[in-house]
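So you know, we letter chains A, B, ... as the sequences are listed, proteins then strands, and number each from 1.
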Protein chains: 2
Amino acid sequence: MRILLVEDEPELASAMRTALRRYDMVVDHATSLLEAGDFAASESYDAILLDRQLPDGDGLTLVPKLRARGNATPVLVLTARSDTSDKVDGLDMGADDYLAKPFAFEELLARLRALLRRPANVQTQVIHAGDLAFDFGHREVLVRGEPMALPRRELLVLEALLRRTGRMVQRSSLMEAVFGLDDEIQSNALDTHVSRLRRKLAEADGKVEINGVRGVGYLLREIS
Amino acid sequence: MRILLVEDEPELASAMRTALRRYDMVVDHATSLLEAGDFAASESYDAILLDRQLPDGDGLTLVPKLRARGNATPVLVLTARSDTSDKVDGLDMGADDYLAKPFAFEELLARLRALLRRPANVQTQVIHAGDLAFDFGHREVLVRGEPMALPRRELLVLEALLRRTGRMVQRSSLMEAVFGLDDEIQSNALDTHVSRLRRKLAEADGKVEINGVRGVGYLLREIS
DNA sequence: TCATGAACATTGCGGAAGCATTGCGAAACA
DNA sequence: TGTTTCGCAATGCTTCCGCAATGTTCATGA
C-alpha cells in the first residue's frame with residue numbers, strides 16, 4: 001500500500017510516517033501543496049492523507065485539481081478545524097473522508113482501511129482478436145483469460161499488428177515498433193520473430209493468423 | 001436515491017425522513033435489526049443509515065451479514081457513543097462511515113453524498129490463493145489458517161502480486177509498491193525479495209508459484 | 001509451363017542480457 | 001545489544017536475440 005502524506009508539521013509528519021510504516025505502508029512525504037501536486041501527478045498512490053493547513057494554501061484546493069486531471073485516488077483530509085461547515089466543504093470538494101485533529105491513530109488507520117477496501121485494479125486498454133486479449137497497460141497477453149508468456153520482441157510484434165488488426169502493417173513500420181531507432185538490425189531478425197510468434201499463436205489460439213505480403217509487410221487476421 | 005433508514009426512535013426517525021425527502025431521496029424505514037435485514041435482502045438501496053442501538057441488538061452486527069451475502073451497499077453508522085474504539089469497530093466490521101449523535105443534518109448529508117460518490121465496495125478484505133489467505137485488515141498472511149511471519153518487504157511483494165493473482169504485474173509497478181519513491185534502489189533488491197518469498201511459499205504452501213517474465217515483471221499463479 | 005531469382009519462412013547456434021540464488025556487512029528494530 | 005531484515009554484489013543459470021544457413025513460396029518472362 002502506497003500512501004502520500006501531505007503535512008508540513010515535521011514532528012507530526014514523522015510520527016505518522018513511522019506509525020504507517022509499522023503497518024507496512026510505503027509512505028511518500030510532501031510538505032507543501034506544490035510538492036504534493038507534483039508527487040500526485042508523477043506517482044500513483046493508493047490513498048492521500050491531506051492536511052488542510054499548508055504553507056502555500058489550503059490543502060483542500062488540491063482535491064478538485066486531482067479530480068480534474070482524472071486522478072481518483074481516495075483522499076482523507078486531516079484538519080485542526082472541526083466545525084460542521086468545514087467538514088461539508090471537504091466532502092463536497094471530492095475528498096473521500098475527513099478526520100479532525102487531534103485524532104487517535106487507530107481511527108486514522110481504520111478510516112484508511114475503509115478507503116483502501118475499494119478495488120485497486122486500474123483499468124487499462126485491452127484489444128481483442130480471436131481468443132486473444134492484449135492488455136497494453138500490463139504488457140500481457142491473455143488467451144481465453146489465461147496469461148501467455150511472450151518474449152519482449154515477439155510481444156512488440158504482436159502489439160504492433162494488433163493495433164491494426166486485419167489491416168496491413170508496413171515492414172518499415174514494424175521494424176520501428178520492434179527495434180526502435182537505436183538498433184541497426186541487418187538480418188532477417190524481424191522475420192524470425194514473426195515466425196516464432198506464429199507458431200506460438202497457432203498452438204495457443206488458432207483463431208488468428210499472421211499473413212505476410214511480399215514487398216509490403218504483415219497483417220494479422222482473424223480466421224473464421 | 002433510495003435510502004434504508006434503520007432507527008427505532010420514532011421522533012428522530014421521522015425528522016430524518018422528512019429531511020431526506022426534501023433532498024429527493026426515497027426513504028424506507030426499519031425499526032429493528034430483523035426488519036432491516038429483511039428490507040436489505042429484498043430491496044436494493046443506494047445507502048443504509050444504521051443506528052447501533054436497536055431493540056433487538058447492536059445495529060453493527062447487520063453489516064457483516066450483509067457483506068457475507070455479497071451485499072456491498074454503503075453503510076453509514078449512527079451512534080450515541082463516540083469514543084474511538086467504537087469507531088474502529090464499526091469501520092472494521094465493514095461499515096463505510098460513522099457519525100456520532102447528535103449530528104448536524106448538513107454533515108449527515110455531506111457524508112452521505114461522499115458515500116454515494118464512491119464506487120461500490122466490492123473488494124473483500126481477504127484474498128485467497130492456493131492455501132494462502134492474505135488478510136488486508138490485519139496485515140497478515142495465513143497458510144491453512146496458520147499465521148505465517150513475513151518480513152515487511154516480502155509482504156509488500158506478496159500483496160502486490162495477490163492483488164492481481166494470475167495476471168502480470170509489471171516490474172516497475174512492483175518496485176513502486178515495494179520501495180516507493182524515496183528509496184533509490186540500484187541493485188537487484190526486488191529479485192532478492194522475490195526469491196526469498198518464493199522459497200517460503202514453496203515450503204509453507206506449495207500451491208502457488210511466482211513466475212518471472214523476462215523484460216516485463218512477475219505473476220503469481222495457483223498451480224493445479 | 002517451367003526456369004529463375006527474389007522475398008519470405010524456418011531452424012539451430014553462440015553470445016549476451018536478464019533473472020535466480022546466496023552470503024555478507026550494515027542498518028533497523030525490539 | 002542481540003536479532004532480524006535489507007540492500008548489495010558475485011555467481012551461475014536460463015532465456016532470448018540476432019545471425020546465417022537452408023528451405024519454401026511466389027512473381028515474372030521466355
Mind calculating the distance between [atom1] ([X]) and [atom2] ([N]) to the nearest angstrom?
X	N	atom1	atom2	result
B:Arg196	C:dC24	CZ	P	13 Å
A:Arg171	C:dC8	CZ	C1'	8 Å
B:Arg153	D:dT5	CZ	P	13 Å
A:Leu156	D:dC16	CG	C1'	13 Å
B:Leu201	C:dT21	CG	P	12 Å
B:Asn188	C:dG23	CG	P	15 Å
A:Arg198	C:dT11	CZ	P	11 Å
B:Arg152	C:dC29	CZ	P	8 Å

- Item | B:Thr192 or A:Glu154, whichever maps to the more 5' nucleotide of DNA chain D | B:Thr192

- Message: Restricting to salt bridge (Lys or Arg N to Asp or Glu O under 4.0 Å), what partner residues turn up for A:Arg144, sequence neighbours left out?
- Response: A:Asp131

- Mind checking whether A:Phe39 and A:Tyr45 have parallel, tilted or perpendicular rings, split at 30° and 60°? perpendicular

- Looking across every strand, which nucleic acid part, if any, lies under 4.0 Å from B:Arg199 by heavy atom: base, sugar-phosphate, or nothing? sugar-phosphate

- Item | Residue of the set A:Val208, A:Ile210, A:Leu197 for which side chain to side chain contact (heavy atoms under 4.5 Å, CB included) holds with A:Leu158 | A:Leu197

- Message: Looking at A:Lys207, I'd like to know if its NZ atom is crowded, meaning that more than 12 non-hydrogen atoms belonging to other residues, nucleotides or ligands lie closer than 6.0 Å.
- Response: no

- Query: Between D:dC16 and A:His193, is there an OP1 or OP2 to side-chain N/O distance shorter than 4.0 Å?
  - Reply: no

- Give a yes/no answer on whether the side chain of A:Tyr218 brings an N or O atom under 4.0 Å of OP1 or OP2 in C:dA9. yes

- Task: Starting from the C-alpha separation in whole Å, work towards a yes-or-no answer on side-chain hydrogen bond (donor to acceptor under 3.5 Å, both in side chains) for A:Ser172 and A:Glu176.
- Result: CA-CA 6 Å; A:Ser172 60; A:Glu176 200 179 311; over 6 Å; no

- Task: On DNA chain C, check which nucleotide each of B:Gly215 and A:Arg214 is closest to and give me the residue with the more 5' one.
- Result: A:Arg214

- Query: Closer to the 5' end of DNA chain C via nearest nucleotide, is it B:Ile210 or A:Ser195?
  - Reply: A:Ser195

